[in-house]
Amino acid sequence: MSYPPIQPHETGMLKVSDLHTIYWEVSGKRDGNPVVFLHGGPGGETGERDRQFFDPAAYKIVLFDQRGAGKSIPSGSLEENTIWDLVSDIEKLREHLKIEKWIVFGGSWGSTLSLVYAQTHPERVKALILRGILTLRKSELRFLCQDGASHIFPDAWDDFLAPISEEERGDIIAAYHKRVMSEDDQIRTAAGRAWSKWILTIGELRVDPDYIARAAQGDWALVYARIAFHYIVNDGFIREGQLLEKQSIDKIRRIPTVIVQGRYDMVCPARSAYDLKKIFPEAELTIVPDTGHSAMEIPTRKLLTEAADRFRTL
C-alpha cells in the first residue's frame with residue numbers, strides 16, 4: 001500500500017554553512033500537515049518513492065538530502081558533518097519553510113536522526129514515525145560489521161570480507177574505514193562497492209540480484225560508504241546508549257510515536273526497537289513477522305503508510 005507517484009512543486013538549495021548547501025523539496029498539499037522525511041545511511045539520499053508514504057491531499061511533504069549526500073553539495077564531504085550539524089540543518093530548513101511544527105518520519109539511520117532531533121527540539125515535533133531502529137550502540141555495529149549478520153548471510157559475508165586482509169579481519173570497521181578513506185582510487189572504490197553491496201544484500205528477505213548489481217555501481221556507493229564509516233567510527237557523534245537514556249526519553253514521552261520493525265532485520269536488529277519500547281512504553285511498536293530491513297517490503301510499507309494516515313489531521 002502506498003500513494004501514487006508525485007512530483008515536487010517546489011525545490012531548492014539551502015546554504016546551511018560556509019561549506020554545505022543541502023537539496024530540499026516540497027510536494028503534496030501546499031498548506032497541508034507538514035511532515036519531514038529523514039533518509040537513511042548515513043550517506044543515503046531521498047527518492048520519489050519516499051513521497052509515496054504520505055497522502056498528498058493532506059500532507060505538505062518535505063524531503064531533503066543530508067550533508068554530502070544525494071544532490072547536496074559538496075558531494076561526499078566529511079567536514080562539518082556530524083549528527084549535530086544535521087539536527088541544526090533540520091531546524092534551518094524548518095525555519096526556511098516557515099513551518100512551526102512537523103511530523104518526523106525516519107528509518108534506519110533516519111530513525112537515529114529522528115530521535116536525536118526530537119530529543120533536542122521536542123517542541124517542534126508533532127509525532128514520530130520510525131522504522132528499523134538504530135541507536136549506534138557498539139553491539140549493533142558489531143552485529144552488522146563483525147559477528148551477527150555474517151551468520152545469516154555467510155555467502156555475502158565472504159564477498160564483504162574479500163577486500164580485507166586476514167590480518168585485519170579482527171576489526172572490520174577499522175579496516176573498511178581505512179580503505180574507503182584511502183588516497184588510492186581503486187582501493188576506495190572497491191571497498192565502497194563491497195560495503196554498499198553488503199548492506200543492500202542483507203536489507204531484504206528476498207534479494208533481487210539485479211538491484212544489488214545496479215545499486216553497488218558508480219560514485220554513489222563510495223559516497224555512501226565514506227559518510228557511513230565517518231559516522232560509524234565516531235559512534236554517530238553521540239555517547240554509547242544516549243538515545244535510550246531515561247533523561248533522553250523523558251523529553252519525548254508526550255510525542256505520539258509509532259515504531260515499525262522487521263523481525264528479520266539484519267541491518268538494525270529488532271533488539272534495539274524492543275529496548276526502545278521498554279524504556280518508552282508510551283510508543284506503539286509493531287514487529288512485522290515476515291520482513292527484514294527495507295521500508296519497501298510490502299507489509300512494512302503498508303504499516304508505515306497507515307501510521308502516516310492516522311496522523312493526517314494531527
Side-chain angles (χ1 to χ4, degrees), residues 1-3 35-55 59 61-64 66 69 83 86 90 102-119 125-137 140 143-144 149 199-200 202-206 228 236 243-244 249 252 255-280 282-312 314:
M1 174 185 174
S2 62
Y3 288 94
V35 59
V36 61
F37 179 96
L38 304 184
H39 69 67
E45 60 186 354
T46 55
E48 73 170 30
R49 290 198 297 177
D50 299 327
R51 306 174 196 130
Q52 294 177 248
F53 291 104
F54 313 106
D55 181 353
Y59 275 111
I61 305 161
V62 180
L63 275 59
F64 75 97
Q66 295 158 28
I83 199 166
L86 303 186
I90 297 169
W102 48 10
I103 294 166
V104 178
F105 182 113
S108 192
W109 163 252
S111 78
T112 316
L113 184 54
S114 296
L115 286 167
V116 173
Y117 175 73
Q119 291 171 1
V125 180
K126 299 170 92 173
L128 286 166
I129 302 174
L130 308 175
R131 186 265 315 164
I133 299 299
L134 175 67
T135 69
L136 284 172
R137 292 176 293 178
E140 299 170 44
F143 183 93
L144 176 62
I199 294 297
L200 294 167
I202 69 174
E204 297 187 12
L205 282 183
R206 294 173 178 84
L243 300 186
L244 300 178
I249 297 299
I252 61 172
I255 298 175
T257 300
V258 172
I259 305 165
V260 178
Q261 175 69 46
R263 170 68 72 185
Y264 300 105
D265 190 333
M266 295 293 118
V267 180
C268 300
R271 163 58 66 185
S272 297
Y274 186 73
D275 288 348
L276 177 58
K277 171 65 175 177
K278 285 201 296 183
I279 191 67
F280 188 12
E282 297 86 351
E284 175 187 314
L285 169 64
T286 300
I287 296 181
V288 191
D290 54 352
T291 64
H293 179 68
S294 175
M296 301 305 167
E297 292 175 285
I298 292 172
T300 296
R301 189 172 185 87
K302 179 176 183 292
L303 287 167
L304 290 170
T305 305
E306 288 173 352
D309 283 349
R310 285 164 47 192
F311 292 143
R312 273 181 294 205
L314 187 65

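Residues Gly236 and Ile83 come closest through the heavy atom pair O-CG2, 3.3 Å. Closest non-hydrogen pair, Val288 versus Thr291, comes out as CB-OG1, 3.4 Å. The heavy-atom pair separating Ala69 from Gly44 by the smallest distance is CB-O, 3.0 Å. Residues Ala308 and Tyr59 come closest through the heavy atom pair O-OH, 2.5 Å. Taking every heavy atom of both residues into account, Asp290 and Leu205 meet most closely at O-CD1, 3.2 Å. The nearest pair of heavy atoms linking Gly292 to Glu297 is N-OE1, 2.9 Å.
Distance check, rounded to the nearest 0.5 Å: CZ of Arg137 to CG of Asp275 gives 4.5 Å. With rounding to the nearest 0.5 angstrom, the CZ atom of Phe54 is 6.5 Å from the CD1 atom of Ile61. From Ser114, atom OG reaches atom CD1 of Ile255 across 10.5 Å, with rounding to the nearest 0.5 Å. Rounding to the nearest 0.5 angstrom, the gap separating the CZ atom in Phe280 from the OG1 atom in Thr257 is 3.5 Å. We find the OG1-CZ distance between Thr46 and Arg51 to be 7.5 Å, quoted to the nearest 0.5 Å. Atoms NZ and CD, on Lys277 and Glu284 in that order, are 8.0 Å from each other to the nearest 0.5 Å.
In terms of modelled atom types and a separation under 3.5 Å, the side chain of Thr112 and the main chain of Leu134 share a donor-acceptor contact. Between the side chain of Tyr117 and the backbone N or O of Val104, no donor-acceptor pair lies under 3.5 Å. Side-chain atoms of Gln119 come within 3.5 Å of backbone atoms of Leu243 as a donor-acceptor pair (strictly under, hydrogens ignored). Between the side chain of Arg312 and the main chain of Asp309, a donor-acceptor pair closer than 3.5 Å is present.
Using cut-offs of 30° and 60° for the angle between ring planes, the His39 and Phe64 rings count as tilted.
Taking a 6.0 Å sphere around CD1 of Ile298, one finds it holds 12 or fewer heavy atoms contributed by other residues, nucleotides or ligands.
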Result block: side-chain N/O donor-acceptor pairs under 3.5 angstrom for residues 259-270, not counting sequence neighbours:
from, atom 1, to, atom 2, distance (Å)
Gln261, OE1, Ile133, N, 3.1
Gln261, NE2, Asp265, OD2, 3.4
Gln261, NE2, Cys268, O, 2.9
Asp265, OD1, Val267, N, 2.9
Asp265, OD1, Cys268, N, 2.8
Asp265, OD1, His293, ND1, 3.0
Asp265, OD2, His293, ND1, 2.8

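The shortest distance between side-chain heavy atoms of Leu303 and Val258 does not fall below 4.5 Å. The side-chain heavy atoms of Leu38 and Leu86, taken from C-beta on, include no pair separated by under 4.5 Å. At a threshold of 4.5 Å between non-hydrogen side-chain atoms, the residues Tyr3 and Thr305 count as touching. Leu304 has its side chain within reach of Phe105: a pair of non-hydrogen atoms, C-beta onward, lies under 4.5 Å apart. Residues Arg271 and Phe143 form no side-chain contact, since every pair of their non-hydrogen atoms from C-beta on lies 4.5 Å or further apart.
A salt bridge between Lys302 and Glu306 is present, with a side-chain N of the basic residue lying under 4.0 Å from a carboxylate O of the acidic one.
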For the pair Leu276 and Thr135, evaluate side chain to side chain contact (heavy atoms under 4.5 Å, CB included) and give the outcome as yes or no after the intermediate values.
CA-CA 9 Å; Leu276 177 58; Thr135 69; 5.9 Å; no
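By the 6.0 Å and 45° rule, Arg301 stacks over the aromatic ring of Phe53.
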